[in-house]
Protein chains: 2
Amino acid sequence: MVVDELSEPDIDRLFQAFADSTRRDIVRRVTVESYSVSGLAALYDMSFAAVQKHVAVLERAALVSKEKHGREQLVRANHEGLHKARQLLSEYEAIWHQRAARIADILAQG
Amino acid sequence: MVVDELSEPDIDRLFQAFADSTRRDIVRRVTVESYSVSGLAALYDMSFAAVQKHVAVLERAALVSKEKHGREQLVRANHEGLHKARQLLSEYEAIWHQRAARIADILAQG
DNA sequence: GTAACGTACAACCAAATGGTTGTAGATGAG
DNA sequence: CTCATCTACAACCATTTGGTTGTACGTTAC
């Protein structure tokens with residue numbers, strides 16, 4: 001998934017990826033430092049395969065990337081994806097602020 | 001759903017709500033002006049009931065609220081929900097910036 | 001070389017999601 | 001009053017999601 005020029009399905013995947021507390025925790029952790037997939041799996045009360053799937057969801061959403069390192073696969077945060085998601089919500093907020101400013105204008109001139 | 005002090009399932013619902021292009025479009029539209037549910041339904045190539053469900057998802061996520069107005073139900077944006085979601089992503093980004101700053105420090109100090 | 005580790009992936013399952021149609025109740029218009 | 005409109009909600013369906021176990025394979029350690 002390329003990070004700029006996001007298609008609507010890309011944005012779907014991005015927010016879908018955030019809609020799970022385990023995945024949000026993974027994002028926070030791998031932002032601070034790299035983890036192997038089994039290193040991550042050890043943190044949660046679920047199977048290795050389940051965590052592996054969560055990492056795959058984050059990878060498809062371009063929120064993390066994996067780097068092969070010997071027999072381990074190191075997972076690290078991809079800041080571009082996170083930044084893009086934040087930016088989208090900021091744009092939605094901007095629409096609201098524009099409307100609020102317009103209403104204030106009308107009241108002032110009214 | 002109370003907007004501050006969000007539980008993890010609350011945050012799940014918040015991001016889940018954004019993970020659909022029709023719902024994102026509804027959020028943008030009702031931020032600019034109120035729509036009745038049928039007014040919204042007329043905009044999309046799906047049944048009234050489907051749009052009604054999307055509005056219900058947004059309502060459970062505290063992103064919109066409905067106000068009864070005669071026989072119509074006017075849907076409008078709830079800015080608190082949007083703001084909270086944006087804030088969460090900003091916090092995640094902050095973690096990344098802290099790490100970037102720490103790395104810069106280490107490099108500067110050798 | 002062999003055993004243990006880390007990963008990938010298939011098959012399976014229950015529950016949730018996103019859509020449909022149909023029914024029924026309030027409200028407004030003529 | 002009656003009819004059309006707006007909404008709510010149930011029942012149903014296909015697909016996706018989030019989990020499981022099992023198997024296979026490359027890599028590392030001993």
Side-chain angles (χ1 to χ4, degrees), chain A residues 1 7-30 33-76 85, chain B residues 1 7-30 33-76 85:
Chain A
M1 190 173 121
S7 69
E8 290 297 312
D10 288 341
I11 302 174
D12 291 355
R13 278 187 282 273
L14 203 44
F15 287 117
Q16 180 66 38
F18 280 115
D20 180 280
S21 63
T22 301
R23 288 197 293 262
R24 287 191 300 273
D25 193 65
I26 291 175
V27 168
R28 280 189 299 259
R29 287 178 183 273
V30 303
E33 57 178 329
S34 294
Y35 278 76
S36 69
V37 181
S38 17
L40 286 171
L43 299 169
Y44 309 105
D45 187 26
M46 66 182 74
S47 68
F48 171 82
V51 173
Q52 201 180 18
K53 279 192 186 182
H54 281 309
V55 172
V57 169
L58 291 169
E59 203 181 6
R60 284 209 327 139
L63 283 171
V64 307
S65 50
K66 288 189 293 189
E67 193 185 342
K68 207 172 195 171
H69 217 257
R71 70 179 157 185
E72 289 184 338
Q73 196 81 270
L74 292 186
V75 181
R76 61 187 191 79
Chain B
M1 189 173 123
S7 69
E8 290 297 314
D10 287 340
I11 302 174
D12 291 356
R13 277 187 282 273
L14 203 44
F15 287 117
Q16 180 67 38
F18 280 115
D20 180 280
S21 64
T22 302
R23 288 197 293 264
R24 287 192 299 273
D25 193 66
I26 291 175
V27 168
R28 279 189 298 260
R29 287 178 183 274
V30 303
E33 58 178 328
S34 295
Y35 278 76
S36 68
V37 182
S38 17
L40 287 172
L43 300 170
Y44 308 106
D45 187 25
M46 64 182 76
S47 69
F48 171 83
V51 174
Q52 200 181 19
K53 279 192 185 182
H54 282 308
V55 171
V57 170
L58 290 170
E59 203 181 7
R60 284 205 331 138
L63 284 171
V64 307
S65 50
K66 288 189 293 188
E67 194 185 340
K68 206 172 195 170
H69 217 258
R71 71 180 156 182
E72 288 183 341
Q73 197 80 269
L74 292 186
V75 182
R76 59 187 193 81

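Protein chains get the first letters and strands the later ones, always in sequence-line order, with residue 1 at the start of each.
- Among residues two or more places apart in sequence or in another chain, the side-chain contact (heavy atoms from CB on, under 4.5 Å) test is passed with T22(A) by D20(A), I26(A), Y44(A), M46(A), H54(A).
- The stretch residues 33-57 of chain B participates, sequence neighbours left out, in no salt bridge (charged side-chain N to carboxylate O under 4.0 Å, His left out) pair at all.
- Rounded to 10 degrees, the angle between the two end axes of the helix from dG1(C)-dC30(D) to dG30(C)-dC1(D) is 30°, with five pairs used at each end.
- Every salt bridge (charged side-chain N to carboxylate O under 4.0 Å, His left out) that D12(B) has, sequence neighbours left out, goes to R24(A).
- Between V51(A) and L43(A) there is no side-chain heavy-atom pair separated by less than 4.5 Å.
- Here the P atom of nucleotide dG18(C) and the CZ atom of R60(B) are 11 Å apart, to the nearest Å.
- Computed from coordinates, the H54(A) NE2 to dA8(C) C1' distance equals 17 Å when rounded to whole Å.
- Between S34(A) and R76(A), the shortest heavy-atom contact is OG-CB, 3.7 Å.
- When all heavy atoms are compared, the tightest approach of L58(B) to A17(B) is CD2-CB, 4.0 Å.
- Taking R28(A) as the reference, D25(A) meet the salt bridge (charged side-chain N to carboxylate O under 4.0 Å, His left out) condition, with sequence neighbours excluded.
- Residues E8(A) and R13(A) form no side-chain contact, since every pair of their non-hydrogen atoms from C-beta on lies 4.5 Å or further apart.
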Nucleotides 23-26 of chain C: which of its N/O atoms have a protein N/O under 3.5 Å away?
none

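- Note: Q73(A) CD to S38(A) OG = 10.0 Å, rounded to the nearest 0.5 Å.
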Can you give the donor-acceptor pairs under 3.5 Å from side chains of residues 61-68 of chain B to other protein atoms, not counting sequence neighbours?
none

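- Projected onto DNA chain D by closest heavy-atom contact, E72(B) and H69(A) fall at different nucleotides, the more 5' of which corresponds to E72(B).
- Contact annotation: the side chain of F48(B) approaches that of V37(B) to within less than 4.5 Å [non-hydrogen atoms, C-beta and beyond].
- Shortest non-hydrogen contact noted between F15(A) and A85(A) is CZ-O, 4.2 Å.
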Protein N or O to nucleotides 14-16 of chain C N or O, pairs below 3.5 Å:
none

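- The side chain of K66(A) has dA8(C) as its nearest neighbour among dA8(C), dG18(C), dT7(C).
- Within 4.0 Å (heavy atoms only), T22(B) reaches no atom of the nucleic acid at all.
- For S7(A), the side chain to side chain donor-acceptor pair (under 3.5 Å) criterion is met by D10(A), not counting sequence neighbours.
- For DNA chain D, the contact window with chain A, defined by any atom under 4.0 Å from a protein heavy atom, covers dG18(D) to dT28(D) in 5' to 3' order.
- Side-chain contact between V30(B) and L40(B) is present, with at least one heavy-atom pair separated by less than 4.5 Å.
- Taking every heavy atom of residues 40-53 of chain A and every atom of DNA chain D, pairs under 4.0 Å involve M46(A), S47(A), A49(A), A50(A), K53(A), by number.
- Within the 3.5 Å criterion, the main-chain N or O of Q16(B) finds a donor-acceptor partner in the side chain of R23(B).
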